[in-house]
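Chain A is the first sequence line, chain B the second, and so forth, proteins listed ahead of strands; every chain is numbered from 1. Computed from a predicted model, the values in this text were never measured in an experiment.
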Number of protein chains: 2
Amino acid sequence: MSTKKLRRYTKQRRLVHDAIINRTDHPTAKEIFNELKPSGIGIATVYRQLAAMVEDGILATVDYDSETRYDPLTSPHAHIVCSVCNRISDIELPRDVNDLAPENLGFEVNEIELTWKGICNNCQ
Amino acid sequence: MSTKKLRRYTKQRRLVHDAIINRTDHPTAKEIFNELKPSGIGIATVYRQLAAMVEDGILATVDYDSETRYDPLTSPHAHIVCSVCNRISDIELPRDVNDLAPENLGFEVNEIELTWKGICNNCQ
DNA sequence: TTTGTTATTGATAACCAATATCATTAAATT
DNA sequence: AATTTAATGATATTGGTTATCAATAACAAA
């Protein structure tokens with residue numbers, strides 16, 4: 001059924017992959033583009049490759065401040081966002097959060113999105 | 001300190017206020033605009049009045065699918081979003097969700113955002 | 001290796017939600 | 001009624017993202 005789409009191993013695919021795969025700071029497409037600019041890559045390609053990686057389950061997306069950010073951590077987890085430095089950090093999802101699912105409404109849960117907003121240690 | 005900004009009671013303010021204040025379906029600015037179109041209101045004014053109501057604490061915002069949606073329920077609560085019909089519903093925030101705060105990291109929590117994504121009763 | 005097929009690329013136009021600009025209008029105050 | 005100035009409506013602009021398309025390059029076949 002869900003056969004993974006065949007991807008060509010282009011130079012650009014490797015560039016984007018290597019630029020994001022070990023990041024924990026949830027960069028935007030623009031940020032990745034700026035870092036890869038010296039290679040001559042086009043910004044549309046950066047958007048395309050990031051979208052492809054999301055489609056392939058290699059990246060997750062985090063929407064924040066009207067921008068899509070990318071996260072190589074795809075297993076379920078929560079985020080904490082500092083409203084001062086705008087840093088987004090991954091954090092363990094509370095185990096009991098699954099027990100809190102709204103099953104009573106007959107809602108079939110596929111995904112949980114949990115974000116704590118506030119001020120981080122550094123910015124206080 | 002935080003003196004509430006003085007607002008003039010314009011016809012447009014009343015229109016936007018009355019259009020959103022009892023809604024539970026989290027409409028976008030465009031949707032409100034379309035409903036009020038016959039009145040001759042401008043879309044910029046709809047955006048401005050909604051922003052003013054958010055500033056005054058009368059509305060909360062919900063970002064979904066690259067659009068800002070507005071919610072007259074401003075007390076802390078969670079959302080469930082159906083990926084089929086795209087309906088966003090308010091739901092009670094689990095009582096013990098505050099206990100799950102990442103205090104151990106020295107993070108000062110101001111706001112919790114909790115959304116369940118899945119398929120609602122109707123769409124299954 | 002050469003050829004052929006076609007996904008991918010880079011440049012850029014287009015899209016769309018949201019905001020900024022600005023002359024005009026109309027609340028609120030005097 | 002006159003004055004002040006916030007608010008309005010039309011619309012230009014912004015900024016993130018996607019669509020378009022001719023050229024290129026990855027992969028397969030010969």
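- Using a 4.0 Å cutoff to heavy atoms of chain B, the contacted part of DNA chain C runs 5' to 3' from C:dA17 to C:dA28.
- Two residues are said to be in side-chain contact when any heavy atoms from C-beta on lie closer than 4.5 Å; B:Glu113 and A:Val81 fail this criterion.
- B:Asp65 has its CG atom 18 Å from the P atom of D:dG16, to the nearest Å.
- Look at CZ on A:Arg48: it is 18 Å from P on D:dG16, rounded to the nearest Å.
- For the pair B:Glu35 and B:Arg23, the salt-bridge criterion is met [side-chain N within less than 4.0 Å of a carboxylate O].
- Across A:Thr45, A:Thr10, A:Leu59, A:Ile41, a single residue satisfies side chain to side chain contact (heavy atoms under 4.5 Å, CB included) together with A:Val16, and that is A:Ile41.
- Map A:Arg7 and A:Asp63 each onto its nearest nucleotide of DNA chain D; the residue landing nearer the 5' end is A:Asp63.
- Evaluated for a side chain to side chain donor-acceptor pair (under 3.5 Å) with B:His26, the options B:Asp90, B:Asn86, B:Thr68 yield exactly one hit, B:Asp90.
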- request: Show the numbers, then the answer: is there a side-chain contact (heavy atoms from CB on, under 4.5 Å) between A:Gln12 and A:Arg48?
  value: CA-CA 10 Å; A:Gln12 292 84 354; A:Arg48 279 185 293 238; over 6 Å; no

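- Between A:Tyr9 atom OH and D:dT24 atom P the separation is 26 Å, expressed in whole Å.
- Transitive grouping of hydrophobic side chains (ILVMFWY, heavy atoms separated by less than 4.5 Å) brings A:Leu15 and A:Ile20 into a common cluster.
- Listed pair A:Tyr47 / D:dT17 meets the phosphate criterion, a side-chain N or O lying under 4.0 Å from OP1 or OP2.
- No continuous path of ILVMFWY side-chain contacts below 4.5 Å connects B:Trp116 to B:Tyr64, so the two sit in separate hydrophobic clusters.
- If B:Lys11 and A:Gln49 are placed on DNA chain C by their nearest nucleotide, the residue sitting closer to the 5' end is A:Gln49.
- Rounded to whole Å, the distance from CG on B:Asp56 to P on D:dA7 is 10 Å.
- A salt bridge links B:Glu55 with B:Arg7; the closest basic N to acidic carboxylate O contact falls under 4.0 Å.
- The side chain of A:Thr68 lies closest to D:dT17, out of D:dT17, D:dA10, D:dA25.
- Near DNA chain C, meaning a heavy atom under 4.0 Å away, the residues from residues 22-43 of chain A are A:Gly40, A:Ile41, A:Gly42.
- A heavy-atom distance below 4.5 Å is found between the side chains of A:Thr61 and A:Tyr70.
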